[in-house]
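Have a look at the structure below, then the notes.
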There are 2 protein chains.
Amino acid sequence: MLVSVDCIILGFQDKEINVLIVKRKFNPLKGGRSLMGGFVRKDESLNEAVARVVAGYTGVENVYMEQVGAYGEVNRDPGGRVVSVVYYALIDMHQFDEQLKDRHNTEWVNVKNVGPLILDHRQFLDDALRHLRIQSATHPVGFNLLPEQFTLPQLQSLYEAIYAHELDKRNFRKKVLDMGVLEKLDKKDKSSSKRGAFYYKFNKEKYDYMVKNGVDISFI
Amino acid sequence: MLVSVDCIILGFQDKEINVLIVKRKFNPLKGGRSLMGGFVRKDESLNEAVARVVAGYTGVENVYMEQVGAYGEVNRDPGGRVVSVVYYALIDMHQFDEQLKDRHNTEWVNVKNVGPLILDHRQFLDDALRHLRIQSATHPVGFNLLPEQFTLPQLQSLYEAIYAHELDKRNFRKKVLDMGVLEKLDKKDKSSSKRGAFYYKFNKEKYDYMVKNGVDISFI
DNA sequence: TTATTTAAGTGTATATATGACACTTCTGTG
DNA sequence: CACAGAAGTGTCATATATACACTTAAATAA
């Protein structure tokens, strides 16, 4: 039996969550739109296979990934019996290697406007996004979609994109700042306003310390 | 590459969550304690493989199952390269076929006192229980561990077992009754008190209707 | 028949969390 | 120096969660 991994590579830009899609130039399923996948080699773990695939398509190493699940219907792939293990990977789109876009014929698509995908890839994407929503409500996974330094308006629009609904600015800021895991920097991002918004960064050590000591944290 | 399913079969009895364990009579790993597993056949889906394994060890068909995840470290099984997909199954222990216990050399063990298990099965169990806790907080999965008719004290002790901490009787009853998905029957269980406790049953139709209409329900 | 025992069943008050809501401040540009 | 536009800030009302102790039903024993 063949085992493959399929990767939902997600990035965040212009207040939208985007997914990297391949437009297939060759058979099988030439012309179809597909997620990135690959067969798992005998000498690599599932995680290693995902890291290999993601690095190959994006140039990003040490990517943050979460497993969505294994899909094993008998006829899910007409090409043969393949069990697919689906992961999503969250990358900072600034680290994406643009040159690989042409080489592999990929494009970033807003998750709100993804058209049809081959096989059961649409299902994979929907399940991954559901998983991401659940995960980001209780774990600090969203930061993997942002640069190390980000502003609160950016962070808010990220959560608004993940949950597909707007949040109240004051309540949002109160909540994330009260958690005590954001570090305010003495520097502003002036790209989106004259006044500028202060940069923050996520303090992972503090977060881990709080989790270890049973402080329960919920994001949004 | 081989694909196997491993099943964490859980049951509830005497206020405790129990897991079915095999004491292996034959090699490989003779004498070890193990979860129920089996290789996925070419003509069956993952779910079908789990259903086959669970029915074989318990006699219970149409079992409720949830996938925990796929485990694919290269050397997780010294016998060869095997990707294992882990599921947990929740059964009503009254439906368990006791005859199969001797046939397969299995036993029910309180999850609080499970000793060492072979390979990475301990990890599987821990991950499954974590999954169960998360799942039962927001979905009515616990009922699969109870007979169709159950009392509120039973239901409460089930949740206490799942979360491994005690709950306030009044708050618990208020919460589950206010949800409006339990149907009170005109019948009492007198096995654990002179007064007897009323039987209830879970109204799945009502629950599904509420979910469909966006009423958000949280169990505990 | 009455007293005793044991678990089932019930309500309120307080604390905490959530959600709604509008104005001021900063700073670059015209 | 006025204007524009996004960043930043606090309070009050409501909903939810939590803490807490007595009464009731019914079998059994006296």
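In what follows, chains carry the letters A, B, and so on, assigned in the order in which the sequence lines appear, proteins first and then strands, with residues in each chain numbered from 1. This is a predicted model, so every value here is computed, not measured.
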Under 3.5 Å, is there an N or O donor on one side and an acceptor on the other linking the side chain of [X] and the base of [N]?
| X | N | answer |
| --- | --- | --- |
| B:Arg195 | D:dA25 | no |
| A:Lys190 | C:dG28 | no |
| B:Arg170 | D:dA21 | yes |
| B:Lys194 | C:dT5 | yes |

Check your understanding: Does atom CG of B:Asn213 have more than 12 heavy-atom neighbours, drawn from other residues, nucleotides or ligands, at distances under 6.0 Å?
Key -> yes
Check your understanding: With a 4.5 Å heavy-atom cut-off, do A:Val85 and A:Tyr71 have their side chains touching?
Key -> no
**Study point:** Residue from A:Tyr207, A:Phe150, A:Tyr159, A:Tyr200 passing ring pair (Phe, Tyr, Trp, His ring centres under 6.0 Å) with A:Phe143
**Key:** A:Phe150
Review point. What nucleotide, of D:dC20, D:dA6, D:dA26, holds the atom closest to the side chain of B:Asn171?
Key: D:dC20
Roughly, in whole Å, what's the span from [atom1] in [X] to [atom2] in [N]?
| X | N | atom1 | atom2 | value |
| --- | --- | --- | --- | --- |
| A:Asp168 | D:dT9 | CG | P | 14 Å |
| B:Lys169 | D:dA17 | NZ | P | 21 Å |
| B:Lys188 | C:dA8 | NZ | C1' | 8 Å |
| A:Leu177 | D:dG10 | CG | P | 12 Å |
| A:Gln154 | D:dA7 | CD | C1' | 13 Å |
| A:Asp178 | D:dG10 | CG | P | 11 Å |
| A:Glu166 | C:dA20 | CD | P | 12 Å |
| A:Phe198 | D:dA7 | CZ | P | 13 Å |

Check your understanding: Can you check side-chain hydrogen bond (donor to acceptor under 3.5 Å, both in side chains) on B:Asn47 and B:Tyr87, steps first, answer last?
Key -> CA-CA 9 Å; B:Asn47 283 7; B:Tyr87 285 76; 3.1 Å; yes
Practice item. Name the nucleic acid region contacted by A:Ser192, choosing base, sugar-phosphate or nothing; use a 4.0 angstrom heavy-atom cut-off, strictly under. Key: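 Since only primed, P, OP1 and OP2 atoms lie under 4.0 Å of A:Ser192, the category is sugar-phosphate.
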Review point. With a non-hydrogen cut-off below 4.0 angstrom, is B:Lys174 in contact with a base, only sugar-phosphate, or nothing?
Key: base
Practice item. Could you say whether A:Ser193 or A:Lys175 is positioned toward the 5' end of DNA chain C, judged by the nucleotide with the nearest heavy atom to each? Key: A:Lys175
Review point. Are the ring centres of B:His131 and B:Tyr88 closer than 6.0 Å?
Key: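 B:His131 vs B:Tyr88: aromatic centres under 6.0 Å.
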